[in-house]
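This one's a predicted model, so the numbers in the text were calculated from it and none came from an experiment. Naming convention: chains lettered A, B, ... in sequence-line order (proteins, then strands); numbering from 1 in each chain.
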2 protein chains.
Amino acid sequence: MREVARQAGVSVATVSRALNASGPVGEETRRRILETAERLRYVPNRTARNLKRVATETIGVLLPDLYGGFYSEVIRGAERAARAARYHTLLASAHDGLPELVRALRTLVGRVDGLVVMSPDIEADVLRKNLPPGLPVVVLGGAVAGHGSVAIDNAAAAEAVTRHLAGLGHRRIALVSGPAPNADARARRDGYRRALAEADLAPDPVLELAGDFTEASGRAAAASFLALSPRPTALFCANDAMAVGALQALRDAGLRVPADVALAGFDDIPLARYVTPALTTAHVPIDEMGSQAIDAVLRAVRGDAPAPPAVTLPTRLVVRESCGARL
Amino acid sequence: MREVARQAGVSVATVSRALNASGPVGEETRRRILETAERLRYVPNRTARNLKRVATETIGVLLPDLYGGFYSEVIRGAERAARAARYHTLLASAHDGLPELVRALRTLVGRVDGLVVMSPDIEADVLRKNLPPGLPVVVLGGAVAGHGSVAIDNAAAAEAVTRHLAGLGHRRIALVSGPAPNADARARRDGYRRALAEADLAPDPVLELAGDFTEASGRAAAASFLALSPRPTALFCANDAMAVGALQALRDAGLRVPADVALAGFDDIPLARYVTPALTTAHVPIDEMGSQAIDAVLRAVRGDAPAPPAVTLPTRLVVRESCGARL
DNA sequence: TTGTACGCGTTATCAA
DNA sequence: TTGATAACGCGTACAA
């Protein structure tokens, strides 16, 4: 910049004004400066600008993982919203629990104007201790006191899926639940139980199979499912990844879906409609969760709103072939 | 930081040394500083640190799009490699051609230590004019003079797929090619033609259907395919997204794959093995392209290498059900 | 072992 | 309309 100023015969202040159109600059001077900058291939240093402006035009997105259709949809939605607002997304992932989460949080500080955090079990305390007060934060899929959130009603959606299964005539409906400490997993299990009660079906602990939201755990759970006697006629997996794994295992075992077993998932990841049979599932507007989270953060960043709001996005049951007709 | 120094009764320099372990600090002093920082919830400002260090610990990743299984794999690989090196990934996408690309390039400058760029038709000139000289750049899927690159041998891989089809006994093999100006698309078409020539099959322009790498264009191409007479017995789509689209259209038209038509794709996106029948395809190590690109940039950033290298990753033919047995 | 003081590249304030 | 200069928050010689 100094060099541009020197060669154009002006001061750095004038160069700054010319390039940012942030102040009065003589027409002739302006031309000369722009031309010189072009010739020297000068591109302003964003870091210095950020330091001065106390703003980075960047929103951090912290995800627990990047694998599978779910997180890529979140990223896509987030990047879309950020781009529309001329913001950037700084992507980070933290797999290994708390220490990793803390590390990621702290390295993000100072390089972002706001944060979207998705973490299975985020606690208010962790955020408070590792983030400067005043940094707008939106929690994705969950709610933390004092911060904005974008989530869905997991229990209601799981209840709808289970009710659908019951409505089809199924009376023994097994569940592959998510990891026990996970709030989403717990809420979905609660919805499942609620729907059973509604349908006057006795809850049976044996029908609740353990999973951890991975495809592999879905496969494993299907094996346990097959060992059940009498075998349930329907299987509800607490997310699509596990449903896909279960579908493969079921098929490998010679069972037909939905003829022998009705199968339902949760999330409606892109893959859900591509497998055969396509998955009946609770549709979660995943990319919209990403974009709404960014929008919420941005509103707070820009001061349009005092604090990010708590948004609950609607889900809907999507019935596809994996559930078949009435029993 | 000033506040921490004040409350701890030391100078900011000592605070800096204590927090970064970058110089001698008395044990007692150190403890007091850390405790004060903790209490004040002080987190160093990354922007200022970056300005001083002339490094941002961030690699920019510029993608043409974020949709579909391909780009999310790239992102995943890139983030994994960056994270391993304690770097961040700044994600940007540029859909709408050159102006958008230039804008994205320029807003990335100064906030990244290096750049991974994936763009259908990137030109050396565009990079040279919009990036400061010396910024390490790795081009993904393509090669640009003066920059590093991570790519695959598209022609050889397409040739292998086509040869496999011919080896199965197919004599009329149609191609759904990618968009004409795209270098990858052209190379794959060349490989297809080469394999035909090898197998003494006459090239036939009618067999080359137009596509644009989207699933929808695969569906459309399948329609054209069905209008061909005599109908070819095999269909090679220049990427998996189109193959998935074609598969659906073929099935909707009442054709069985592979009994009536053998189908092959390219890329081996995660979805390829989930559709029914699973796709025979040219396996491209997509996430590895992302991680290798990051690694190459990092080597240049750290000065381990003078300039990023040109890497060609191996592909391999993955035979799955969509191609069936010998005719 | 600690503190002082300078500079990283910008933008913003103020005086000219 | 322009230029000199003071920050922005940090790291780091260098001196103490």
Side-chain angles (χ1 to χ4, degrees), chain A residues 1-34 36-37 40-58 88 106-113 131-135 301, chain B residues 1-37 40-58 106-113 131-135 301:
Chain A
M1 177 155 163
R2 229 194 297 273
E3 187 61 18
V4 173
R6 205 180 57 75
Q7 294 207 22
V10 295
S11 75
V12 290
T14 308
V15 172
S16 175
R17 280 189 294 257
L19 294 176
N20 296 307
S22 60
V25 177
E27 186 45 45
E28 152 63 11
T29 319
R30 213 180 75 85
R31 263 197 330 95
R32 197 171 64 247
I33 291 175
L34 292 184
T36 311
L40 260 39
R41 273 185 242 133
Y42 165 74
V43 189
N45 181 318
R46 239 66 195 187
T47 303
R49 167 180 296 185
N50 291 342
L51 179 60
K52 179 61 185 170
R53 286 195 178 162
V54 199
T56 61
E57 295 158 7
T58 304
H88 286 271
R106 298 181 72 104
T107 57
L108 245 22
V109 171
R111 18 179 48 174
V112 299
D113 298 340
L131 296 177
L135 183 75
V301 167
Chain B
M1 177 156 160
R2 227 193 299 271
E3 187 61 18
V4 174
R6 205 179 59 74
Q7 295 207 20
V10 295
S11 74
V12 290
T14 307
V15 173
S16 174
R17 281 188 293 255
L19 294 176
N20 297 307
S22 59
V25 177
E27 186 46 45
E28 152 64 11
T29 319
R30 214 180 74 83
R31 261 197 333 94
R32 198 171 63 245
I33 291 175
L34 292 183
E35 192 232 322
T36 312
L40 261 38
R41 272 184 244 133
Y42 165 75
V43 189
N45 181 319
R46 239 67 194 183
T47 303
R49 166 180 299 187
N50 291 341
L51 179 59
K52 178 63 184 169
R53 288 197 178 159
V54 199
T56 62
E57 296 158 7
T58 304
R106 298 180 72 106
T107 57
L108 246 21
V109 171
R111 17 181 47 172
V112 298
D113 297 342
L131 296 178
L135 182 75
V301 167

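Taking each heavy atom of A:D113 and A:L135 in turn, the nearest pair found is O-CD1, 3.6 Å. Annotation for A:V12 and A:A5: closest pair N-CB, 3.7 Å, computed over non-hydrogen atoms. Across every non-hydrogen atom of A:L40 and A:E3, the tightest pair is CD2-CG, 3.8 Å.
By the side chain to side chain contact (heavy atoms under 4.5 Å, CB included) test, A:T29 pairs with A:V10, A:T14, A:V25, A:R32, A:I33, sequence neighbours left out.
Checking C:dT1, D:dT2, D:dC10 against every side-chain atom of B:Y42, the shortest atom distance belongs to D:dC10. Between C:dT10, D:dC10, D:dC8, one nucleotide has an atom nearer to the side chain of A:L51 than all others, and that is D:dC8.
A donor atom on one side chain and an acceptor atom on the other are not found under 3.5 Å apart for A:R46 and B:T56.
Atom pair A:K52:NZ and C:dC8:P shows a separation of 16 Å (rounding to whole Å applied). Atom CZ of A:R30 and atom P of D:dT1 are 12 Å apart (whole Å). To the nearest angstrom, P of D:dT2 lies 13 Å from CZ of A:R31. In this structure, the CZ atom of B:R49 is 17 Å from the C1' atom of C:dG7, given to the nearest Å. In this entry the distance linking CG of A:N50 with P of D:dC10 reads 15 Å, nearest Å.
Residue contacts shown for B:T47 are absent, as no nucleic acid heavy atom lies under 4.0 Å away.
For the segment residues 1-22 of chain B, residues with any heavy atom less than 4.0 angstrom from an atom of DNA chain D are, sorted by number, B:M1, B:R2, B:A13, B:S16, B:R17, B:N20.
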For the pair A:L34 and A:L19, evaluate side-chain contact (heavy atoms from CB on, under 4.5 Å) and give the outcome as yes or no after the intermediate values. CA-CA 7 Å; A:L34 292 184; A:L19 294 176; 3.5 Å; yes
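Judged by closest nucleotide on DNA chain C, B:V25 is the one of B:V25 and B:R53 placed further toward the 5' end.
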